[in-house]
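Just below is one structure, and these are the notes that go with it.
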Amino acid sequence: NALITSVVQQHDRGAWHRRQFYRSDEFHNAPLRHQSSALCVADNILTKKWRCGRTCTSVVLFSSRSSTNRLHNDNINNQANTRRKPPSNKAALRWVIESIERSDTELVQLATLSALKDILNARTTKDVIDAGKTLEKLNISQTEGISVRERVLRICATSGLLTLAHQLLSDLLLDEQGYLPPPIAYMPLIVSYRKVRKIQKMEECLLMIVDACRRRSSKSAVQQQQQTYTTLDVVALNCYLGALVDGKRFPEAMDLLRPGASFTKFDVDPDLVSFNTVLSAAVRCREFGVVDEVSSILNSDEVGLKGDIYTLNALLRSANLSNRENEALNIIEDMLENSNVNAIRPDRYFVDNALTPLLNTGRTGDAIRLVQQLEVRDEGVMADAFCAFFNTLIAKDHVEFARSLFDKFVVTDNVNVRKTFPTTRHFNTLLEGYRRAGSSKDAAELMKIMQRNNVKPDSYTLTIFMATQNSSNAIRKLWRIATKRYDIRVTIPVMTAYITELGRVGDISTACRAFDIVRKKESNATTLALWNSLLKALSRKENNMEVIEMFDHVSTNPVDGESEFSSMIDGLSPADASRRVLNFMKQSDGCPKPDCQSFCLVASAISHSGDQSASIAIELFYDAMNAGVSADGRLVNAIMRCFGSDISSAIAAWKGEVGKASRSHRNRFRDRSKQALDVSAAYHGLMTVCGRAGRPDIAVRLTYAMAKEGAEPTETALQCYEAGKREAQPDVSQVAFARQFES
């Protein structure tokens, strides 16, 4: 007992002290049987305590005959069964190296330990490669024991030294002692091969392990009983199947799932996880034929497996994506009708996939029953599940049912029915649904419920709720309440949304004043998105008759004093102001440089005003080219609409520099569909000019030219021509649509 206590104490002090103790007289003068017994008992205590995550600062040792000692060892064994999960790969490496360093049953060479620590402390890929070269020179297959080589194999596989790890595994399998490594030793190598998509190498490793297992099986029964692992682990097979489906090699994966195929090749049969792996990947890749075939193999009598909730989730998702509503309803009905205690219970993914087909057929009661059957112990997971339900329902235009679920299971006072407590995300998701539906009244009612439940709104709540308002006064009042009462931090994204919504309701003066405030306070933090939001407000067609008033102090957010920016745009029209803002962005050092969207917005503002001219359009185009902006379809379309009704100048520009720059940009794409999109966008701008000029003959010629350049004319081209015609002749909007095609 004294010798064991000394071993443990020296272990706690570090590896150097432990090695010095082994060389001391106290250890060498002890009988040999006491030395071996002390090492074995100490290693058992230290290893099991380390697995439990406990420190070894003090160890109470009892006699081996004591019942207290047996109880103590049983507690250690029970705690050691729970393995800790490393938070990162580096932590996993550190734990493995510590296990090598703490092992007293098998000493490790100092050079090997030093090389492993170099891998742990490596900062670059080159450092890892250099440490790997050092390990190769040490020839650890000849100098280290089996347990150390197992751990080095795991370290090399985790750190990316796959060639060295592959060689170590091969040496372990060819060891003369007939040793077969456990799955924890070779699984990191299999997983690493899957990450780098080396399926052939992965298959080579699996076949090596299978060959070693077959060689062990030819030994006597006594030798086989001494082996803990006698076959390939099914987890390795599942990892191999995952690698196959990651590379969309579904035929090979399905061949392994057929009865007897996997056992013939790898001596292991696939389990339910194997089938679920292939099913999930097939659903992600929209391979519905593969889903049907794998499902038929799983349900065959030769396999003898029964699907679980993950299988049902994959099948239900496949039925929804392939628009097989009857099949989806059959899966859901089987879940609802099976009331057995041991039956499969729906999880949040099943409920999320089942809501849409049930509501499409008007079965709201079954949808509510399915939500009632959902049981999740974690409160955070349940809250996230309802957020997912609301998102799914809103995407399918079932906002009213989402609100009914919210009232029934989230904000209800009945604790027996409530599934989770309301969070800000729940309200934000429903507000987004009301914003899409254009229901400002329901959004305001939901905000009152949010206040009654003491749920604090965030910046996202503010931006969504502003989008439901239809007047400048309501938006400014909401802004004042949110920033003062709820202390919502005014960030650049929030200001971007505020300016955008003010432009949407036509209050561009307040939008410009708000922009000037944030520009003066945080001149270095302004983003390109903020500047583009101002240009977007100025470019709206509904605002083209407004005049910007920067010094009207009646506003709730007046500018304190005159600034260079406010003086620059005060009293201008939106089109002139947008051009001034664009020039300010190009010339000022503290502003982000304009991008393609900036020039498109300015061109849109000009096209909506009465200042369209060929000179302005050409000047704006050259400014964009000098700023390094590509002449893609969006920009060319906007530039063409700046020509107004001057179709001759527009065609001349298209035949000249504008068309040349556009073709140069299109030639960078190998995909012909992308080229066709750019061509279509450019010609649609020309069609608008033709409509303004009242020249259907030129529009017909442009249609033939459009087809010649590889873009098929569609109804959109005709709609662009009619839009230009309505702009030039406002009274045309009163004519029936069928007669607008008559010249």
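Worth knowing before you read on, the calculation uses all heavy atoms, side chains too, and leaves out hydrogens, waters and symmetry mates. Throughout, residue positions are numbered sequentially from 1 according to the sequence presented.
Listed here is the closest heavy atom pair of Gly433 and Ile394: CA-CG2, 3.6 Å. Smallest separation of non-hydrogen atoms from Arg504 and Ala467: NH2-O, 3.5 Å. Taking both residues in full, the closest heavy atoms of Ala681 and Gly633 are given as CB-O, 3.5 Å, listed atom of the first, atom of the second, then distance. When all heavy atoms of Ile309 and Pro346 are compared, the pair lying nearest together is CD1-CA, 4.1 Å. Between Ala185 and Arg154, the shortest heavy-atom contact is O-CG, 3.7 Å. Between Leu393 and Phe401 the shortest heavy-atom distance is CD1-CD2, 3.7 Å.
Side-chain atoms of Ile332 and Asp366, non-hydrogen and from C-beta on, never get closer than 4.5 Å to each other. The shortest side-chain heavy-atom distance between Asn532 and Asp595 falls under the 4.5 Å cut-off. Side-chain contact between Gln372 and Lys408: present, with at least one pair of heavy atoms (C-beta onward) separated by less than 4.5 Å. Between Arg436 and Val399, every side-chain heavy-atom pair lies at or beyond the 4.5 Å cut-off. At a threshold of 4.5 Å between non-hydrogen side-chain atoms, the residues Arg435 and Glu432 count as touching. Between Asn320 and Pro357, some side-chain heavy-atom pair lies under the 4.5 Å cut-off. Between Asp233 and Met187, the closest side-chain pair of non-hydrogen atoms is not below 4.5 Å. The side-chain heavy atoms of Leu355 and Lys396, taken from C-beta on, include no pair separated by under 4.5 Å.
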| request: Let me see the working for Asp308 and Asn276 under side-chain hydrogen bond (donor to acceptor under 3.5 Å, both in side chains), right down to the final yes or no. | output: CA-CA 9 Å; Asp308 57 1; Asn276 290 340; 3.2 Å; yes
| said: Please evaluate residues Leu405 and Phe390 with respect to the criterion side-chain contact (heavy atoms from CB on, under 4.5 Å), reporting the C-alpha separation (whole Å), side-chain torsions for both, the decisive distance (0.1 Å), and the verdict. | reply: CA-CA 9 Å; Leu405 287 183; Phe390 297 153; 4.1 Å; yes
| request: Applying salt bridge (charged side-chain N to carboxylate O under 4.0 Å, His left out), run through Asp255 and Lys265 and close with a yes or a no. | output: CA-CA 11 Å; Asp255 289 340; Lys265 187 173 183 179; over 6 Å; no
| said: Could you walk me through whether Phe350 and Ile331 satisfy the side-chain contact (heavy atoms from CB on, under 4.5 Å) test, starting with their C-alpha distance in whole Å, then the side-chain angles of each, then the deciding distance to 0.1 Å, before giving a yes or no? | reply: CA-CA 10 Å; Phe350 186 90; Ile331 297 173; 3.9 Å; yes
| message | Please evaluate residues Ser322 and Arg324 with respect to the criterion side-chain hydrogen bond (donor to acceptor under 3.5 Å, both in side chains), reporting the C-alpha separation (whole Å), side-chain torsions for both, the decisive distance (0.1 Å), and the verdict. | response | CA-CA 6 Å; Ser322 58; Arg324 293 180 290 184; 2.8 Å; yes
| message | Assess the residue pair Phe406 and Phe427 against the criterion (ring-ring contact (aromatic ring centres under 6.0 Å, His included)); give the C-alpha distance rounded to whole Å, side-chain angles, the decisive distance to 0.1 Å, and a yes or no. | response | CA-CA 9 Å; Phe406 180 74; Phe427 287 97; 5.1 Å; yes
| query | Passes side-chain contact (heavy atoms from CB on, under 4.5 Å), Val376 versus Thr420? Steps please. | reply | CA-CA 10 Å; Val376 179; Thr420 183; over 6 Å; no
| request: Dump the intermediate steps for side-chain contact (heavy atoms from CB on, under 4.5 Å) on Ser680 and Thr716, then the final yes or no. | output: CA-CA 9 Å; Ser680 300; Thr716 306; over 6 Å; no
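Of the possible donor and acceptor atoms, one in the side chain of Ser539 sits under 3.5 Å from a partner among the backbone N and O of Lys536. In this structure, the side chain of Ser280 does not engage the main chain of Thr277 through any donor-acceptor pair within 3.5 Å. Not a single donor-acceptor pair under 3.5 Å links the side chain of Asn326 to the backbone N or O of Leu329. Between the side chain of Thr412 and the main chain of Asn414, a donor-acceptor pair closer than 3.5 Å is present. Within the 3.5 Å criterion, the main-chain N or O of Arg348 finds no donor-acceptor partner in the side chain of Asp352. Distance alone, capped at 3.5 Å, is enough to place a donor-acceptor pair between the Asn453 side chain and the Ile449 backbone. A donor-acceptor pair under 3.5 Å links the side-chain atoms of His426 to the main chain of Ala383, judged by distance alone. Of the possible polar contacts, none joining the Lys248 side chain to the Cys285 backbone as a donor-acceptor pair under 3.5 Å is found. Proximity of a side-chain donor or acceptor of Ser295 to a complementary backbone N or O of Val291 within less than 3.5 Å is not detected. Between the Glu379 side chain and the Phe421 main chain, a donor and an acceptor come within less than 3.5 Å of each other.
Residue Arg317 places its CZ atom among 12 or fewer non-hydrogen atoms of other residues, nucleotides or ligands, all under 6.0 Å distant.
Here the CG atom belonging to Asn428 is positioned 5.0 Å from the CD1 atom belonging to Ile464, to the nearest 0.5 angstrom. Separation of atoms CG (Leu374) and NZ (Lys419) is listed at 6.0 Å; rounding is to 0.5 Å. How far CG of Leu257 is from CG of Leu298: 9.0 Å, rounded to the nearest 0.5 Å. In this structure, CG on Leu256 lies 10.5 Å from CD1 on Ile297, to the nearest 0.5 angstrom. In this structure, OH on Tyr186 lies 9.0 Å from CG on Leu169, to the nearest 0.5 angstrom.
For residues 233-270, the set of pairs meeting the ring-ring contact (aromatic ring centres under 6.0 Å, His included) definition, not counting sequence neighbours, comprises Tyr240-Phe266. Within the structure, the salt bridge (charged side-chain N to carboxylate O under 4.0 Å, His left out) test picks out the following pairs touching residues 439-458 (sequence neighbours left out): Arg403-Glu445.
Taking a cutoff of 4.0 Å between a charged side-chain nitrogen and a carboxylate oxygen, Glu204 and Lys198 do not qualify as a salt bridge. A salt bridge links Asp267 with Arg214: at least one charged nitrogen is closer than 4.0 Å to a carboxylate oxygen.
When each of Asn299, Leu315, Thr311, Val278 is tested with Val294 by the rule side-chain contact (heavy atoms from CB on, under 4.5 Å), just one qualifies, namely Val278.
Ser274 and Asp271 share a donor-acceptor pair across their side chains, judged by distance under 3.5 Å alone. Defined by atom type and a distance below 3.5 Å, a donor-acceptor pair is present between the side-chain atoms of Arg666 and Ser662. For the residue pair Gln469 / Ser440, no side-chain donor-acceptor distance below 3.5 Å is found, with atom types taken as modelled. Between Thr423 and Arg425, the side chains place no donor N or O within less than 3.5 Å of an acceptor N or O (distance only, hydrogens not considered).
Note: Tyr349 and Tyr310 fail the aromatic proximity criterion, with ring centroids not under 6.0 Å apart.
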